[in-house]
Amino acid sequence: MFKPVAPDVAFPRLEEEILAWWHANRVVERSLAGGERPFVFYEGPPTANGRPGLHHVISRTFKDVILRYRAMQGHRIIGRREGWDTHGLPVEIEIEKKLGFNGKPDIEKFGIAEFNRLCRESVWEYIQEWKTFTRRIAYWVDENGYYTYDNKYIESLWWIFRQLWDRGLLFRDYKVTMHCPRCGTSLSDHEVSLGARDDVDDPSVYIKFRVTGESAPGCASPLAADLQGAFLLAWTTTPWTLPANVALAVQHGATYVEAHAGGERYVLAEALVAPVLGEGASIARRFKGNDLVGLRYEPLFTGVPAPGDTPDLETAYRVVADEIVTLDDGTGIVHIAPAYGDLEVGRKHGLPTLFSVDLNGMVMPGLGDLPFIGKFFKEADPDITRNLKQRGLLLKSGRVRHYYPFCWRCGTPLLYYAKRSWYIKTTAFKDDLVANNQQIHWVPEHIRDGRFGNWLENNIDWAISRERYWGTPLPIWINADGSHMECIGSLAELEAKVGRSLRDLDLHRPYVDEITWEDPQHGLMRRIPDVADCWYDSGSMPVAQWHYPFENQDLFEAAHPADYICEAVDQTRGWFYTLHAISTLLFDRPAFNNVICLGHILDEHGIKMSKSKGNVIQPEEVIDAYGVDALRWYLFAAAPPGNARRFSLGLVNESLRKFLLTLWNTYSFFVTYATLDGWRPSDEVLRAAANGSVSFPTPELRDALTPTDRWALAALNALVRDVTRNFEDYEVYPAARAIEQFVDELSNWYVRRNRRRFWKSEADADKQAAYFTLYTSLLTLTRLIAPFTPFVAEEVYRNLTGQTSGAPAGDVPDSVHLARWPTVNADLLDEQLVADTEALLAAVSLGRAARKNAGLKVRQPLSELWLRASSPAVTEGVRRFEADLRDELNVKAVRYLDASSDIVEYRFRPNLRLVGKKYGRLVPALTEALKALAGEPARAVAHAVEQGQPVRLAVNGQELELLPEEVLVESSAPAGYAVAEGDGLIVALNTTVTPELRLEGAARDLVRNVQDARKSAGLAIADRITLYVSSESEGALLQETLAGWGEYVRNETLATQLVVASPPAGAYVETVEFGDAEATIGVVKT
RNA sequence: GGGCGUAUAGCUCAGCCGGUUAGAGCGCGAUCCUGAUAAGAUCGAGGUCGGUGGUUCGAGUCCACCUACGCCCA
């Protein structure tokens, strides 16, 4: 029935074999096709750029474990397919590097068509690697996935744009970007960080802005008249931005002063008077920053342009209050130039955006005949400073060393530059975003109102456009003077515009850019050059993966929102957000109902793994050493997934040994003996264990179960219940821990206690019960672990169902992954039995400790053990397993002590959890009073508590009546016994070794040594032997021992003959300790 | 600078509504047990529970502040 099991299994190789079997038998396809009730999953598409790493193993296995569970629960899983995020800057940068390019001009020279072709090709290379990796880690998904570069996918994205456009949610506004004037391109944050330096030498100038004495419209400053002619002082390191100044910002609540120095009146923050004006300045008056708001001042320069815009200068050149102002340096008054970095401030206060430097970094004309017109912006700094000085508008100037970004390619200083950009107006839906988030079940919980909720609360409009090439083209067409724009929502619509079929059109640049049409009223319509932020691509996948609404309307409706998604925590502002935003804006509902948010994986020192640090561990390295299952189990069982975790190969090895090998050895033990005995399950037992719930096929079998059998089945059922509940809550970690605990107990308690039942020769009902119990436990376990460790589960399942040996019994699925999730058999749950076993295990542990203390090894039998428990219920529980207790601790008898016995001393403590709230300040005195009890009163109290009666006690002169549950009783040792105590239990051993006990101990020693010799001699378990024993100095002991225990020794060692003599030549011989000296044993196979 | 999270034994991590002597696994040392086991048991060494202050009869747990690290944002 069963294939023999190698105890020294090599998991990586086993896994490869199972992969081959799955492939040959189309198991993945069959699993994907199964199920009835829908369960919706969204695959967060990895960027198809770069090879998969350990963090991808985590996210893929956490996706997989839930989906496998759902599939086994009979769900039809929608969306269990690959998805690839194919667009974006990382792909472009890689191609640029490959071609040795130096920025956008190189790409345009090279040709966008060829460039994008290379991008697409590069993506495919990575996808191939990913597919291999995905199969190896047993992440089961349909390989017929979605690709964000697909024309159909893009068409759906266009449809979404059009929905937003029609509702006025797609708009154009300025956005500050980091711009390289030489390369003529914006840089990504990543690129900026590559070239930023913090030791840049720049001018440091203090500028005087003359107060006009007026206030801005609708915002009168009470100080306007008084401060007329005074100077607002501002500090800057970028004089070139001064012409574009439109406002000065102060801190709302800070104290500002009018200070007199050098015959002038200055306004600045009080805290900065000394550093800016020196000690000589006198303070004329104090006021709050708020009082300055609305104050107008004379612009430093006039005629500043605002290309493509007609700014309202009535709103400019005034004081505003803003949170960005600090009093750490400068003057407490901040110069605001929205075009060059302060755009958000400008927008918040309704300020115009003026430009004084163009995209090539040159100071623009329009400021009049000034020497710095047409100069590079950095070189204009001294000229501007000089000009202001000549006009008496400069307080002082110097140099400062600080942070400034440079282009990582060419080293040119970057411009903060407000460019026209497209936005999605998410801020209009902030309340809905927040409300819909409340419906989402986050694991861990704190993300919902913490990081994600916080991110939503601080929502800003989504800047959606990128001036790049390899991305989803924005479907917006514009006429020459920018007066007319149209958003195209489908290919058909575009065809109608141009009047021809575009079926073969690649919707990417540059081809889509060539599609233009003549509008009768507005002239030639051309597409704007921008492409979409690739987060828009992935966030739209619920719609676009099905090519909705052009196809699959039913599928889309059934698959929105998702029941489950899972990614790492950095996606709160990435995919989690864009999914949520698009779903809320389009459909006003969340995109997903449950989400596991994973922490990051760090190296063994707690440092992020990165190529530059050289601390990256490749998944292959781990998998080749220990296998995928070991890695997966480590990821599930080692720590809760929401935390960052430290990783090392050693930890995977630990998880392999701790869990997989323990399970494997239990399984190997079972198969070894079942094969020896020719045992096989009945079809009913097999079917139940392989595909149903735990049950008994016959009353006879049920009656034959021992308490330990029933315990194992009760624990197994409780495990099924708990793991199921954890899965329903998306709590993978506690589920894995519960399984680990059960496997440990099954191996180290159940099998340990019941070994003899398997190897005894009679095939009686008791033996059947043991086989039934272990078989059922193991086979049911394979289904519980199938989602976690799919390979080991499969191997064990297939062998235990007889399929590996080609002799399947019963009609069960050929793969554990096609079997149903086990259900609980409530009849077999038995909390009392589980609790009793816990007490028993505690008693055993204490008994061993007591033996250890007394220096009495377990092989030496002892006459009696005394046990006292904290309650009669616990005593009864242990009594139920007394035989196990006696056997495990090698004692002849167990005596149970209750409170009436006078050999025990008692100590008392209050049950603080109950007493604390009730008695408060009395607690310390109460504790003392209980401690003081001794002798007869103590015995009386102990007796009362045990009988469930209240206890009267004088505390601080008051008579208290303590309830029995409010007093904790501890017993101390009876004198003259080897004792151990803990957990409310006390275990004492009678340490007297009588001559009889000594002989029995000697016999057991002998057996043990013979067994060792048998093993060393290479004998098989069932081999019979002739046993020779002799001892010179302990001859008498040997004679006596064999006289009483010879039969026992022969039976235990399978000796057909026991000869007291020196072994003959050719025998396997060992000299062993015996009594107080040595004995010689010899083993000859018969 | 802001938000969120983390900080407990040499390492990886538990620790519930605040409650009694803070636990587990690994590693280390010693002893024991074992004819499934690469396993297991017992004992031991190893902890100012990141720091300071507060609330409380009582704080690893709650509060405030601080420090370090991670992530996200500015």
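All values below were derived from every heavy atom in this structure, side-chain atoms included, with hydrogens, water molecules and symmetry-related copies excluded. Chain letters run A, B, ... following the sequence lines, proteins first, then strands; residues in each count from 1.
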Could you go over nucleotides 1-7 of chain B and give all protein N or O partners under 3.5 Å, atom names and distances?
from, atom 1, to, atom 2, distance (Å)
G3(B), O2', Asn454(A), OD1, 2.9
G3(B), O2', Asn454(A), ND2, 3.2
C4(B), O2, Arg451(A), NH2, 3.2

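- Tyr775(A) meets the ring-ring contact (aromatic ring centres under 6.0 Å, His included) test with Phe670(A), Trp679(A); sequence neighbours excluded.
- Nucleic acid contact class of Pro444(A) (heavy atoms, under 4.0 Å, all strands): none.
- Residues meeting the salt bridge (Lys or Arg N to Asp or Glu O under 4.0 Å) test with Lys918(A), sequence neighbours left out: Glu966(A).
- In terms of the ring-ring contact (aromatic ring centres under 6.0 Å, His included) criterion, Tyr626(A) has no residue partners (sequence neighbours excluded).
- Partners of His55(A) according to the ring-ring contact (aromatic ring centres under 6.0 Å, His included) rule, which considers only residues two or more places apart in sequence or in another chain, do not exist here.
- Relative to the side chain of Val923(A), the nucleotides C13(B), G19(B), A36(B) differ in distance, and G19(B) lies closest.
- Both Leu968(A) and Ala10(A) lie near RNA chain B, and the one whose nearest nucleotide falls closer to the 5' end is Leu968(A).
- Where pairing requires Watson-Crick or G-U contacts shorter than 3.5 Å, the helical stems of RNA chain B with at least three consecutive pairs are B:1-7 with B:67-73, B:10-13 with B:23-26, B:28-32 with B:40-44, B:50-54 with B:62-66.
- Under the salt bridge (Lys or Arg N to Asp or Glu O under 4.0 Å) criterion, Arg848(A) pairs with Glu888(A), not counting sequence neighbours.
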With the criterion being N/O to N/O and under 3.5 Å, what pairs connect the protein with nucleotides 42-46 of chain B, and how long is each?
from, atom 1, to, atom 2, distance (Å)
U42(B), OP1, Ser845(A), OG, 2.7

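- The glycosidic torsion of C17(B) lies within 90° of 0, placing the base in the syn range.
- Partners of Lys767(A) by salt bridge (Lys or Arg N to Asp or Glu O under 4.0 Å), not counting sequence neighbours, listed by chain and number: Asp677(A).
- A search for salt bridge (Lys or Arg N to Asp or Glu O under 4.0 Å) contacts involving Asp744(A) returns Lys658(A), not counting sequence neighbours.
- Here Phe576(A) pairs with Trp442(A) under the ring-ring contact (aromatic ring centres under 6.0 Å, His included) rule; sequence neighbours left out.
- Taking the side-chain hydrogen bond (donor to acceptor under 3.5 Å, both in side chains) definition, one finds that Asp342(A) meets it with nothing, sequence neighbours left out.
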